[in-house]
Amino acid sequence: MGADEKTRSSGEVARPEGTILPTVNPEAQKPEPPKSTIHPAVYVATWIGLSSSVILFNKWILDTLEFRYPVILTTYHLTFATVATQIMARYTSLLDGRKTVKMTGRVYLRAIVPIGFFFSLSLICGNLTYLYLSVAFIQMLKATTPVAVLLSSWVMGIAAPNMKVLMNVSAIVVGVIIASFGEIKFVWIGFVYQIGGIIFEAIRLNLVQALLSSAEYKMDPLVSLYYFAPVCAAMNGLVALFWEIPKVSMTEVYHVGLGTFFLNGMCAFLLNVSVVFLIGKTSSLVMTLCGVLKDILLVAASMMIWGTPISGLQAFGYSIALCGMIYYKLGLDALKGYAAEGGRQWAEFGATRPVLRKVIVIVAALFFIFVLFGGLAPSYATDYAPYVNEVASKYGWNA
């Protein structure tokens, strides 16, 4: 049998070159989900704006508008969140993550309730602080939160003590101590409330890690609010019932305005929604730096809105605390990598725009000198008599 006969007997049919085979790949024909057209910077800016707005809004209501009932305000926020999350769970898909959480009555009582208890205490203490301290100084004190979380995890037996880690966070403590010494309007009761709020928040975070760290209880911030808001609203409402409700009047409520209260509650709730959309859009470095930027912007806003005086010593101490916080959250190896990449890009920028680079360096140096030598502080001729007389009259002393 010849070679050409073998070819014919095989049953194959010769195909011209260039013919496309009519095969179908189901996976290849599946349409790709549309990519988000919103730049991650929009999510970051929204989160920074809402987070800063909530803090400034609360300070404005409690201090400027003289609605001095922080527990009632906190209870209102949590009640607003409870109603809003229930509506969203029924009519939207944003809370579908709760379906993967194996929540039972036993888990709710043993995990959600104790965590909610400390969450309530942290919120109450945090809002009470606005009655006594400036927003700028409050943000400086909040820089110690990582230290409180670390120390409380050791006390609660969640993590083993590590002196190396303790040394890593020591810069935060030193910086905040320096900033506290530089605080011009230091009020002890406000300081105690803020430290208490930080401690309660640290305990809450450690309880979340200890009781709800498994995959079956993984929750995004909005789902967490869905479960925690009702129990926290009940606890705060109970405190407000005996502490503040007997003293508040409808005249004070109307002085703030129902519309203002609604916007305040909406702003606080939208902050939690923005966090859900922000998750996964940025890296840990960006989130850490954005948190630092938010704190700095709040300090600047406090200076502009309420005329909060910031001394050079205070700015210097806060700078140390922020640097220590960045170092602790990112670690030395990550910082070395980011520094090398930043140095490379800075060198490229200097090669392409040398004049602009020199201008940036000069402006940054002048600003550093201005802050370091007390350019932001009031003169030493400041009259402290009004503050002394206010304290004296409050306690019935003769100034």
Side-chain angles (χ1 to χ4, degrees), residues 50-51 53-89 95 108-109 111-133 135 138 142 189-190 192-194 196-201 203-205 207-208 219 221-275:
L50 287 172
S51 181
S53 298
V54 169
I55 294 172
L56 297 174
F57 212 157
N58 289 347
K59 173 68 173 179
W60 184 60
I61 290 175
L62 294 171
D63 190 15
T64 305
L65 297 182
E66 298 183 345
F67 186 79
R68 308 183 74 81
Y69 305 102
V71 182
I72 292 178
L73 186 64
T74 306
T75 304
Y76 163 68
H77 286 169
L78 293 167
T79 304
F80 190 104
T82 300
V83 175
T85 50
Q86 292 296 326
I87 294 174
M88 293 179 70
L95 281 159
Y108 196 88
L109 289 175
I112 301 299
V113 171
I115 293 173
F117 174 73
F118 286 101
F119 189 26
S120 297
L121 291 177
S122 70
L123 291 173
I124 290 173
C125 289
N127 277 345
L128 280 169
T129 309
Y130 291 122
L131 301 178
Y132 305 97
L133 301 180
V135 171
I138 290 171
K142 283 183 179 178
I189 186 65
V192 171
Y193 276 135
Q194 183 58 53
I198 291 172
I199 293 173
F200 292 136
E201 176 66 6
I203 295 174
R204 181 190 76 85
L205 292 173
L207 285 176
V208 170
M219 301 182 232
L222 204 54
V223 174
S224 297
L225 193 66
Y226 173 82
Y227 286 113
F228 286 111
V231 64
C232 291
M235 291 179 180
N236 283 26
L238 189 62
V239 174
L241 183 64
F242 294 99
W243 190 1
E244 293 182 348
I245 290 179
K247 297 181 291 184
V248 70
S249 66
M250 290 306 298
T251 303
E252 293 172 299
V253 174
Y254 290 135
H255 174 68
V256 176
L258 298 181
T260 302
F261 277 119
F262 177 79
L263 290 175
N264 181 243
M266 178 63 73
C267 191
F269 177 70
L270 289 178
L271 172 61
N272 292 279
V273 178
S274 70
V275 174

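Between atom CG of residue Leu121 and atom OG1 of residue Thr74 there is a gap of 11.0 Å, rounded to the nearest 0.5 Å. Rounded to the nearest 0.5 Å, atoms CG (Leu270) and OG (Ser51) are 13.0 Å apart. Of the inter-residue distances, the one linking Asn272 atom CG with Leu225 atom CG reads 4.5 Å to the nearest 0.5 angstrom. Separating the CG atom in Leu271 from the CG atom in Leu50 is a distance of 6.0 Å, to the nearest 0.5 Å. Leu205 contributes atom CG, which lies 9.5 Å from atom CD1 of Ile115 (distance to the nearest 0.5 angstrom). Atom CG in Leu95 sits 9.0 Å away from atom OH in Tyr227 (nearest 0.5 Å).
Just one residue in the list Phe228, Phe119, Phe117 forms a side chain to side chain contact (heavy atoms under 4.5 Å, CB included) with Ile112, and that residue is Phe228.
Between Phe57 and Trp60, the ring planes lie tilted relative to each other; the angle falls in the 30° to 60° range.
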Val239 and Asn236: CA distance, side-chain angles, deciding distance, side-chain contact (heavy atoms from CB on, under 4.5 Å) verdict: CA-CA 5 Å; Val239 174; Asn236 283 26; 5.7 Å; no

Verdict with reasoning, Leu222 to Phe269, per side-chain contact (heavy atoms from CB on, under 4.5 Å): CA-CA 9 Å; Leu222 204 54; Phe269 177 70; 4.2 Å; yes

Would Tyr69 and Ile245 satisfy side-chain contact (heavy atoms from CB on, under 4.5 Å), going step by step from the backbone distance to the final call? CA-CA 9 Å; Tyr69 305 102; Ile245 290 179; over 6 Å; no

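For the pair Leu109 and Val113, the tightest heavy-atom approach, listed with the atom from each and the gap, is O-CB, 3.7 Å. Heavy atoms only, all atoms of each residue included: Leu128 and Pro70 are closest at CD2-CG, 3.2 Å. In plain terms, the two heavy atoms of Gly190 and Thr129 that are nearest each other are O-CG2, 3.6 Å. Taking every heavy atom of both residues into account, Phe200 and Cys125 meet most closely at CE1-SG, 3.8 Å. Listed here is the closest heavy atom pair of Ser122 and Gly197: CB-O, 3.6 Å. Nearest approach of Ala240 to Pro246, heavy atoms of both residues: O-CD, 4.1 Å.
By the 6.0 Å and 45° rule, Arg204 does not stack over the aromatic ring of Phe118.
Checking side-chain atoms of Thr64 against main-chain N and O of Ile61 turns up no donor-acceptor pair under 3.5 Å.
Pairs engaging residues 247-256 under the salt bridge (charged side-chain N to carboxylate O under 4.0 Å, His left out) rule: none recorded [sequence neighbours left out]. Pairs of residues two or more places apart, or lying in two chains, that qualify as salt bridge (charged side-chain N to carboxylate O under 4.0 Å, His left out) and include a residue from residues 59-77 are Lys59-Asp63, Asp63-Arg68.
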Result block: side-chain N/O donor-acceptor pairs under 3.5 angstrom for residues 253-264, not counting sequence neighbours:
unit_1 : atom_1 : unit_2 : atom_2 : d
Thr260 : OG1    : Val256 : O      : 3.0
Asn264 : OD1    : His77  : NE2    : 2.4
Asn264 : ND2    : Asn58  : OD1    : 3.2

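In this structure the side chain of Phe67 reaches within 4.5 angstrom of the side chain of Ile72, judged on heavy atoms.
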